[in-house]
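Within every chain, numbering begins at 1; the chains are lettered A, B, ... in the order of the sequence lines, protein sequences first and strands thereafter.
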Amino acid sequence: MSGNSYYSRKLHSLLGVIPLGLFFIEHALTNYSAFEGGPEKFQKSVHGLHDLPLIFFLELILIWLPILYHGVYGLYLAFTSNLNTSRFSYGRNWAFAFQRISGVITFIFVIWHLWQIRVQVALGQLTIDEFGAKMHEIMNNPAFFVLYLIGVLAATFHFSNGLWAFLVSWGITVGPRAQRVSSRVCMVIFVIMAVLFILSMAAFRGDDFASASAALGTLRQLS
Amino acid sequence: MAETATAQRTVRFIITRQDKPDAAPYTEEFDIPYRSNMNVISALMEIQRNPVKADGTKTTPVVWESNCLEEVCGACSMVINGKPRQACSALIDKLEQPIRIAPMSTFPVVRDLVINRERMFQALKRVKAWIPIDGTYDLGPGPRMAETKRQWAYELSKCMTCGVCLEACPNVNDRSSFIGPAPISQVRLFNAHPTGEMNADERLDALMEDGGIEGCGNSQNCVRSCPKGIPLTTSIAAINRDTTKRLFRKWLTN
Ligand code: SF4
Ligand code: FES
């Protein structure tokens with residue numbers, strides 16, 4: 001890596017929380033609206049987002065570029081780390097190892113997920129009104145469901161544990177007590193976020209999303 | 001003679017050896033006569049006196065380094081049963097047998113258990129881990145240090161640059177330029193000193209460059225491994241805070 005790695009590493013750490021962490025929370029909530037209010041509420045959330053002004057630039061600057069930087073630089077960081085949990089099997093060292101493993105899994109998962117959804121929209125194969133139907137289709141494929149489950153859990157762990165590390169790396173939590181408390185808080189965040197995602201995954205499997213997709217299909221044929 | 005041979009209890013050692021810096025490592029096994037209260041150094045001395053392997057064949061004596069023999073110089077650090085630690089304070093009675101010994105290979109191996117810890121001393125120079133008071137006239141007494149501060153700073157001053165924390169760190173390796181935990185803690189020590197504080201920014205700047213503090217990945221193995229019980233992760237987080245402040249101050253005031 002050229003330039004001063006202090007700045008590139010700090011940027012990587014910052015982008016992981018702002019904006020990516022915030023987007024991750026937003027994404028969890030949008031999905032959860034599928035569980036809370038079915039297809040109608042989910043489509044409303046999706047529209048709420050996509051109706052934002054300058055949506056293309058917002059997406060580009062707040063999502064695409066940060067993901068690209070955080071992901072590619074993160075792969076480099078994972079490559080420069082040893083995994084020595086067999087010699088030092090301490091909890092924090094396991095978290096260190098999982099942070100890197102889950103980061104790689106998440107990056108692959110995000111690319112795949114983008115391919116299935118966002119790229120198809122860009123190619124004109126999918127409209128934003130069909131997100132619910134598309135997710136219904138994916139979630140009812142057992143292999144995809146398992147892969148999504150792994151991807152979502154990896155992403156959620158990476159986010160929660162990354163938040164803990166962010167607090168240390170910027171000097172916010174300094175002493176052992178503060179770091180212990182923050183690690184508990186981050187584990188609670190992990191559980192809550194994982195539950196939100198899993199509930200929405202289950203919701204997408206429901207028949208209401210199937211009929212929504214059928215209705216959309218007929219509508220499109222008619223027009 | 002037969003009776004001494006049968007009565008003698010032995011301790012099995014499996015030692016990773018290496019003849020030259022660029023030679024391939026190999027292991028040799030030794031059975032050392034047991035004596036009460038012996039430690040790893042006295043076992044190595046026994047091999048030095050009688051370099052015969054467990055299978056009865058002769059070999060060259062195993063080479064190691066040691067000085068103080070009381071866990072204050074750091075010279076005898078090696079990997080004992082998988083954990084980096086000082087051989088002089090590693091009591092045979094407290095170790096699981098067979099005892100496996102290897103050099104701390106995070107550092108360049110010179111021969112057998114002797115390693116070159118040069119990078120640690122270079123790191124101390126890089127972060128200016130001293131207090132500059134040399135000059136052409138008497139500067140007079142420096143400012144006093146608060147007792148509460150002296151107490152925690154004293155703990156940091158116990159570092160013996162032994163290298164155990166670097167060996168334990170997953171981010172200190174030949175793919176990364178991370179300086180390692182010990183020098184970061186020394187920056188905190190010298191920046192805490194009322195006179196040393198006058199050069200605090202220079203030390204922080206040295207850690208805000210390639211291979212500086214950003215190399216820490218928070219595995220926290222260092223604090224679990226330090227034989228002196230130095231609160232390394234607290235030092236790292238405290239210097240994270242200081243470098244963050246320095247970063248914004250530099251951006252906003254220049
Ligand atoms: S901080 Fe502890 S483990 Fe690291 S070099 Fe100093 S004494 Fe050794
Ligand atoms: S000989 Fe000095 S620490 Fe062991």
Let me know if Trp164(A) has heavy atoms under 4.5 Å from chain B in its side chain, its backbone, both or neither. side chain

Select one option (side chain, backbone, both, neither) describing which atoms of Leu247(B) are under 4.5 Å from chain A's heavy atoms. side chain

Taking side chain as everything from C-beta outward and backbone as N, CA, C, O, which of these in Thr173(A) sits under 4.5 Å from a heavy atom of chain B? Side chain, backbone, both or neither. backbone

Side chain to side chain, Pro176(A) and Thr234(B), heavy atoms closer than 4.5 Å: yes

Between Asp210(B) and Asn4(A) (side chain of the first, backbone of the second, donor and acceptor by atom type, cut-off under 3.5 Å), is there such a pair? no

How far apart are the closest heavy atoms of Phe96(A) and Asn171(B), and which atoms are they? CZ-OD1, 3.4 Å

Part of Leu167(A) lying under 4.5 Å from any heavy atom of chain B: neither

Less than 4.5 Å to any heavy atom of chain B: does that hold for the side chain of Gln179(A), its backbone, both, or neither? side chain

Do we get Arg175(B) above Phe79(A)'s six-membered ring, with its NZ or CZ under 6.0 Å from the centre and within 45° of the axis? yes

Quick check against the 3.5 Å criterion: does Asn84(A) have a side-chain atom that pairs as donor or acceptor with the backbone of Ala168(B)? yes

By a 4.5 Å heavy-atom criterion (distance strictly below it), what part of Ile236(B) contacts chain A: side chain, backbone, both, or neither? neither

Residues in residues 79-96 of chain B that sit under 4.5 Å from chain A, counting heavy atoms only: Val79(B), Gly82(B), Lys83(B), Pro84(B)

Can you sort out the partners of Glu59(A) under salt bridge (charged side-chain N to carboxylate O under 4.0 Å, His left out), two or more places apart, ordered by chain and number? Arg118(A)

More than 12 heavy atoms of other residues, nucleotides or ligands under 6.0 Å from CZ of Arg100(B): yes or no? no

When you compare the side chain of Ser219(B) with that of Arg92(A), does any pair of heavy atoms fall below 4.5 Å? no

From Glu214(B) CD over to Ser8(A) OG, what is the distance, rounded to the nearest 0.5 angstrom? 7.5 Å

More than 12 heavy atoms of other residues, nucleotides or ligands under 6.0 Å from CZ of Phe57(A): is that the case? no

Within a strict 4.5 Å, meaning less than it, do heavy atoms of the Ile213(B) and Tyr6(A) side chains meet? yes

Name the option with the most non-hydrogen atom pairs under 4.5 Å to chain B; the candidates are Gly91(A), Ser81(A), Ala97(A). Ser81(A)

Straight-line distance of Cys222(B) SG to Phe88(A) CZ, nearest 0.5 Å: 10.5 Å

Where is the tightest heavy-atom contact between Asn82(A) and Val172(B), given as atom of each residue plus distance? ND2-O, 4.4 Å

Ala95(A) versus chain B, the contacting section by heavy-atom distance below 4.5 Å: neither

Given 3.5 Å as the limit, does a donor-acceptor pair link the side chain of Arg241(B) with the main chain of Ile172(A), or not? yes

Out of Asp174(B), Asn173(B), Leu207(B), which one racks up the most heavy-atom pairs below 4.5 Å with chain A? Asn173(B)

Closest-packed option against chain A by number of heavy-atom pairs under 4.5 Å, given Cys216(B), Gly212(B), Ala237(B), Pro170(B): Pro170(B)

For a 4.5 angstrom cut-off between non-hydrogen side-chain atoms, does Met208(B) reach Lys10(A)? no

I need the full list of ring-ring contact (aromatic ring centres under 6.0 Å, His included) pairs touching residues 154-213 of chain B, with sequence neighbours left out, sorted by first then second residue. none

Looking only at heavy atoms, the pair that brings Tyr7(A) and Lys250(B) closest together is OH-NZ, 4.1 Å

Could you check whether any side-chain heavy atom of Trp170(A) comes within less than 4.5 Å of a side-chain heavy atom of Asn240(B), counting everything from C-beta outward? no

For Thr243(B), is it the side chain, the backbone, both or neither that has a heavy atom under 4.5 Å from a heavy atom of chain A? both

In chain order, what residues pass the salt bridge (charged side-chain N to carboxylate O under 4.0 Å, His left out) check against Lys158(B), with sequence neighbours excluded? Glu155(B)

For Ser5(A) and Gly211(B), work out which heavy atoms get closest and say how close. OG-N, 3.6 Å

